[in-house]
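Each ligand, and each atom within it, is numbered from 1 in the order the structure gives.
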Amino acid sequence: MAEEILEQLAECIIKGKAPDAKELTQKALDDGVDVSDVLNQGLVAGMSVIGDRFKRNEVYVPEVLIAARAMKAGMELLRPLLKEGGIEAKAIVCVGTVKGDLHDIGKNLVCMMLEGAGFEVVDLGVNVEPEKFVAGVQENNANAIGMSALLTTTMTSMKTTIDAFAEAGCRDQVKIMVGGAPLTQNFADEIGADGYAPDAASAVDLVNELLGL
Ligand code: B1M
């Protein structure tokens, strides 16, 4: 019975049916299904199917955004219960678009995919100064950061941000991943990032790998 509802819930996420996802999340909770099962076997399971399809170019940005909206509808009901029950997120990741850069569509996709994979995401927004990344990690006890840049002129802010972590003496406490259309693995290596993700779904694989999860 519980399995059936959770399968239906995952299917709602895949199809991006937000009202149905909300209704089924509530139904699962009313039926006494464990909150973490609703999260992992319902919402996260659906979102990870979308993530895999996105990586294989079987679905595109609009489908991911619609699925993420459905996941958010369910998450709104779960979030307070997860907090109450002391159910911990897999890890905490601060994500932002670097200083000077206002592009946020890719960054938002990364946030949604990470949240969909069970991470707590602190969205630092756009035009994020290096010091704000450092403060974000320190204030939230974050395990990793994800930096996004869409302009060749702002890619350099990534290096400045990595330097700011070193200057603050906390470079070793955080895994740093980077992404965005003009980036390459070579660039990530050059600036001393821990990893590069070419797309939002790969960012989930990367942070899992970097944190050994
Ligand atoms: Co801008 N823009 N833009 N723009 N814009 C580009 C990037 C550009 C390539 C257009 C062009 O000339 N062909 C060009 C950059 C050229 C360059 O530097 N090489 C450009 C320019 C020049 C500019 C302005 C300077 C234009 C001007 O004012 N003269 C200006 C800069 C403003 C600023 O940031 N300071 C500007 C402004 C804008 C808008 C505000 C109008 C708007 C942004 C709206 C918004 O984001 N809210 C905009 C848009 C929409 C674009 C294009 C058309 C689309 C970008 C996008 O959202 N793609 C873009 C041209 C293009 O790509 N066709 C362009 C979809 C998104 C899902 O992809 O962000 O790559 P993307 O994210 C992917 C991956 O890269 C990865 O995952 C995502 C999903 O798979 N990823 C990460 C991204 N971040 C990651 C972080 C990670 C991991 C993976 O962390 C671990």
Side-chain angles (χ1 to χ4, degrees), residues 14 16 47-69 71-72 89-130 132-134 136-137 140 142-162 164-165 171 173-213:
I14 295 166
M47 205 59 201
S48 71
V49 170
I50 282 289
D52 287 342
R53 290 183 185 171
F54 181 62
K55 258 193 300 192
R56 294 196 299 264
N57 290 323
E58 290 169 11
V59 297
Y60 299 98
V61 172
E63 286 95 331
V64 178
L65 291 175
I66 292 166
R69 192 181 56 187
M71 188 196 74
K72 281 199 162 186
K90 275 168 84 173
I92 303 172
V93 189
C94 288
V95 182
T97 303
V98 295
K99 184 181 173 187
D101 202 319
L102 302 175
H103 296 85
D104 69 355
I105 298 169
K107 183 265 298 170
N108 292 343
L109 279 178
V110 172
C111 290
M112 288 165 185
M113 284 291 186
L114 288 171
E115 193 172 23
F119 289 89
E120 182 178 332
V121 176
V122 180
D123 184 352
L124 299 173
V126 296
N127 191 20
V128 180
E129 302 266 351
K132 194 172 166 192
F133 274 107
V134 175
V137 164
N140 297 287
N143 312 87
I145 67 162
M147 283 189 270
S148 178
L150 263 286
L151 300 170
T152 43
T153 49
T154 57
M155 287 162 63
T156 51
S157 291
M158 293 180 154
K159 167 90 170 81
T160 321
T161 304
I162 294 173
F165 276 97
R171 174 65 187 91
Q173 289 155 33
V174 70
K175 295 293 179 193
I176 299 184
M177 43 177 195
V178 293
L183 270 76
T184 59
Q185 181 66 54
N186 267 353
F187 177 76
D189 294 341
E190 265 169 35
I191 63 170
D194 296 307
Y196 158 71
D199 58 61
S202 306
V204 172
D205 299 338
L206 177 62
V207 73
N208 274 322
E209 186 193 315
L210 292 175
L211 297 174
L213 298 171

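By the 4.0 Å heavy-atom criterion, F54 is counted among the residues contacting ligand 1. At least one heavy atom of G100 sits less than 4.0 Å from an atom of ligand 1. By the 4.0 Å heavy-atom criterion, T153 is excluded from the residues contacting ligand 1. Heavy-atom distances between P198 and ligand 1 reach below 4.0 Å in at least one pair.
At the shortest separation from atom 5 (N) of ligand 1 among protein heavy atoms lies H103 NE2, 3.1 Å. Among protein heavy atoms, atom 85 (C) of ligand 1 sits closest to G179 C, 3.5 Å. Considering only non-hydrogen protein atoms, atom 73 (C) of ligand 1 sits nearest to G106 CA, 4.3 Å. Residue, atom and distance of the protein heavy atom nearest to atom 47 (N) of ligand 1 are D104 OD1, 2.7 Å. The protein heavy atom nearest to atom 24 (C) of ligand 1 is L151 CD2, 4.5 Å. The protein atom (non-hydrogen) at minimum distance from atom 81 (N) of ligand 1 is G180 N, 3.6 Å. Counting protein heavy atoms only, atom 89 (C) of ligand 1 is closest to A197 O, 3.3 Å.
Protein heavy atoms all stay at least 4.0 Å away from atom 13 (N) of ligand 1.
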F133 and V95: CA distance, side-chain angles, deciding distance, side-chain contact (heavy atoms from CB on, under 4.5 Å) verdict: CA-CA 8 Å; F133 274 107; V95 182; over 6 Å; no
Step-by-step salt bridge (Lys or Arg N to Asp or Glu O under 4.0 Å) determination, D101 to K107: CA-CA 11 Å; D101 202 319; K107 183 265 298 170; over 6 Å; no
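Although no hydrogens or angles enter the test, the distance criterion places no donor-acceptor pair under 3.5 Å between the side chain of K175 and the main chain of N143.
Both the backbone and the side chain of D101 come within contact range of ligand 1, each with a heavy atom under 4.0 Å. When non-hydrogen atoms are compared, ligand 1 lies under 4.0 Å from the side chain of L109 (C-beta onward) but not from its backbone. Counting heavy atoms under 4.0 Å from ligand 1, residue V126 does not touch it at all.
Side-chain atoms of S202 and D205 include no donor-acceptor pair closer than 3.5 Å. In this structure, a donor-acceptor pair under 3.5 Å is present between the side chains of D189 and Q185.
In the vicinity of M177, heavy-atom distances shorter than 4.0 Å reach the ligand 1 atoms 91 (C).
Among L102, T97, L150, the residue whose heavy atom lies nearest to atom 7 (C) of ligand 1 is L150.
The environment of K72 atom NZ is sparse: at most 12 non-hydrogen atoms of other residues, nucleotides or ligands sit within 6.0 angstrom.
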